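This structure is a prediction, so every number in the text was calculated from the model and none was measured. Along the sequence shown, residues are numbered consecutively beginning with 1.
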Amino acid sequence: MADVQGARRTGRRGGGGAARRAERTAPRIEAARYIERNIPNFEILTPEAIEIIEHNAETILEEIGVAFVDNPAALDRWREAGADVQGERVHIPRGLARALCATAPAQFTQYARNPDRNVVIGGKSLVLAPVYGPPFVRDIDGGRRYATMDDFRKFVKLGYMSKWLHHSGGTVCEPTDIAVNKRHLDMLQAHMTLSDKPFMGSVTEPIRATDSVEMCKILFGHAATEAPHMTSLINVNSPLTFDNTMMGALEIYAENMQACIISPFIVGGAMAPVSVAGTLTQVLAEALAGIAYSQLVRRGAPVIFGAFVTSIDMNSGAPTFGTPEASKILWGAGQLARRLNLPFRSGGGLCGSKLPDAQAGYETANTLNASLLGGVNFMLHACGWLEGGLVASFEKFVLDADQLGILHSIAAGVDVSENGQAMDAIREVGPGGHYLGCAHTQANFKDAFWRSDVLDYRPYETWVDGGGPDSQALASVRVQRMLDEYVAPPIEQGIADGLQDYSDRRKASEPDAFG
């Protein structure tokens with residue numbers, strides 16, 4: 001497989017004895033390596049079904065076309081590539097988009113501030129990132145409210161402290177107490193300084209993508225634009241429309257070798273057909289067009305085939321999550337992405353519930369398990385998502401992040417080594433005995449079974465004596481404990497000062513805008 005590696009960094013720029021001493025003495029935060037599957041992917045589409053969907057997607061691109069609005073440069077690129085451009089609608093000849101997609105890497109490494117946190121995206125890997133985009137937050141004490149920058153920083157800290165999360169994410173909540181045109185600077189600075197895991201860049205305006213690249217250069221030096229140090233979410237304006245804001249951001253990132261998730265954002269029945277096959281056809285057509293365009297901007301730019309699809313409640317019009325139709329689309333999209341030899345993004349801890357309750361648990365579990373089995377390589381919204389993505393919940397964040405450990409365990413497959421076979425234990429115990437005290441159990445009991453760090457395993461009487469807390473109450477306690485125990489990862493003072501200076505200068509360069 002192609003692997004975009006770029007120039008590897010041998011250490012942080014400038015070094016400095018104080019920074020090295022701080023790093024040696026800082027508390028060690030336990031963080032699991034990204035998942036590498038030892039289990040097969042579930043494939044729901046037959047070869048005949050795949051052939052039909054791929055043929056129909058090419059028909060859409062050629063006959064119906066896709067719109068690239070308010071972007072003359074994009075239209076020029078498509079003309080030069082051989083597409084038929086009529087107004088703002090681009091008709092892509094059969095086979096052209098697929099040929100362009102073939103120049104994108106099959107997998108790539110996203111580099112983190114801490115090299116131990118680097119992640120490989122593609123192949124058999126699964127990288128888990130938190131919720132993205134909610135304007136509201138919720139906790140057990142304050143209820144539902146607009147998000148603030150303080151909330152954002154707390155989520156970044158929780159993500160850094162969460163063992164099973166591999167990625168700091170991007171807009172984990174939308175801090176509404178800071179001007180729209182400036183909040184991205186604070187969010188980037190929080191990811192870069194409060195965590196040492198990989199992070200995402202801003203996409204809400206091309207200039208904000210440029211700011212992301214410039215701040216990345218301060219953090220990583222010359223290596224920043226030689227290989228992917230950011231991943232960013234480029235949503236297609238489904239159906240079949242690519243707006244100038246998202247494409248402008250994509251152009252900045254592709255030119256600078258930063259990874260983009262090209263992701264149709266579809267509510268089935270509203271933005272795509274109600275049928276699974278029809279929706280998959282549209283997903284493929286949109287992904288082909290967007291990924292192909294990234295390669296017109298810069299051949300070999302790293303991209304991820306995205307698919308974010310929900311169904312709809314036909315009575316209320318509200319999106320629904322954790323449904324069987326969504327799982328079928330996820331599994332099918334994974335097959336289509338692998339046919340293109342591209343990394344795949346989908347899934348997450350999705351739910352429509354207003355609280356971290358039973359509905360949230362059922363719907364989230366359905367989506368998480370579908371994602372694991374469907375071959376997802378990059379899972380956004382892996383923890384914290386509530387109310388159809390309108391709310392980032394502190395309690396659900398730690399509940400979900402805890403459950404992500406199960407995905408690690410399942411993905412590892414079955415151990416059939418000599419120790420895994422346990423024949424010595426079976427011989428030692430024999431008929432009618434028990435295994436509690438045998439040598440094999442004593443040697444393996446500490447890590448034989450996955451165990452939650454949040455949920456309650458105590459007997460009923462002990463649980464009652466402890467106040468009978470439900471899962472939300474247990475999660476609230478864990479949130480506070482994690483925040484109390486948080487210690488920022490060390491960063492060179494010169495880099496931290498450089499990030500602050502850049503943010504201050506950019507904020508001073510234009511007035512606040514809240515619209």
Checklist entry - Sub-3.5 Å donor-acceptor pair from the side chain of Q282 to the main-chain atoms of M271, do we have one? => result yes
Item to check | Donor-acceptor contact present, side-chain R138 to main-chain E395, <3.5 Å | outcome: no
Checklist entry - Within the side chain of H440, is there an N or O that forms a donor-acceptor pair under 3.5 Å with the backbone of N419? => result yes
Next on the checklist: As an exercise, state the distance from CD of E363 to CG of L350, rounded to the nearest 0.5 Å.
Outcome noted: 9.5 Å
Checklist entry - Hey, do the aromatic rings of Y146 and F136 have their centres closer than 6.0 Å? => result yes
Checklist entry - Going by atom types only, do Y253 and S212 share a side-chain donor-acceptor pair under 3.5 Å? => result yes
Next on the checklist: For S238 and E286, which I'm curious about, is there any donor-acceptor pair between the side chains at under 3.5 Å?
Outcome noted: yes
Checklist entry - If only atom types and distance count, is the side chain of T171 paired as donor or acceptor with the main-chain N or O of Y132 below 3.5 Å? => result no
Checklist entry - Which residue pairs pass the side-chain hydrogen bond (donor to acceptor under 3.5 Å, both in side chains) test when at least one of the two sits in residues 400-415, sequence neighbours left out? => result H166-H408, K396-D400, D402-S452, D415-S417
Checklist entry - Quick one: does D151's side chain get under 4.5 Å of R145's, heavy atoms only? => result yes
Checklist entry - Is the CD atom of Q421 crowded by more than 12 outside heavy atoms at less than 6.0 Å? => result yes
Checklist entry - Within a strict 4.5 Å, meaning less than it, do heavy atoms of the L233 and M200 side chains meet? => result yes
Checklist entry - Parallel, tilted or perpendicular: which describes the rings of W385 and F308, with under 30° parallel and over 60° perpendicular? => result tilted
Checklist entry - Should I29 and Y486 count as side-chain neighbours, where that means a heavy-atom distance under 4.5 Å? => result no
Item to check | With R37, the side chain to side chain contact (heavy atoms under 4.5 Å, CB included) member among L373, L407, V376 | outcome: V376
Next on the checklist: Checking side chain to side chain contact (heavy atoms under 4.5 Å, CB included) between F152 and each of V172, L194, I178, D186, which is the one that passes?
Outcome noted: V172
Item to check | Of all pairs that satisfy salt bridge (Lys or Arg N to Asp or Glu O under 4.0 Å), the ones with a partner from residues 307-336, not counting sequence neighbours | outcome: none
Checklist entry - Is it true that a side-chain atom of S232 and a backbone atom of G201 form a donor plus acceptor pair closer than 3.5 Å? => result yes
Checklist entry - Donor-acceptor pair, T441 side chain versus L436 backbone, under 3.5 Å? => result no
Checklist entry - How about T231 and P198: do any of their side-chain heavy atoms sit closer than 4.5 Å? => result no
Next on the checklist: Test your reading of the model: is there a side-chain donor-acceptor pair from S353 to the backbone of L355, 3.5 Å cut-off?
Outcome noted: yes
Next on the checklist: Is it the case that the side chain of T241 and the backbone of P239 share a donor-acceptor pair, with hydrogens and angles ignored and the cut-off at 3.5 Å?
Outcome noted: yes
Checklist entry - How would you list, by chain and number, every residue that makes a ring pair (Phe, Tyr, Trp, His ring centres under 6.0 Å) with F397, sequence neighbours excluded? => result F155
Item to check | Donor-acceptor contact present, side-chain N377 to main-chain F344, <3.5 Å | outcome: yes
Next on the checklist: Set out, in order, the CA-CA distance, both residues' side-chain angles and the distance that settles side chain to side chain donor-acceptor pair (under 3.5 Å) for Q110 and H167, then state yes or no.
Outcome noted: CA-CA 10 Å; Q110 183 185 348; H167 205 282; 3.0 Å; yes
Item to check | Qualifying residue for salt bridge (charged side-chain N to carboxylate O under 4.0 Å, His left out) with R94, from E58, E54, E62 | outcome: E62
Checklist entry - Judged by atom type as modelled, is there a donor-acceptor pair below 3.5 Å linking the side chain of S294 to the main-chain atoms of I291? => result yes
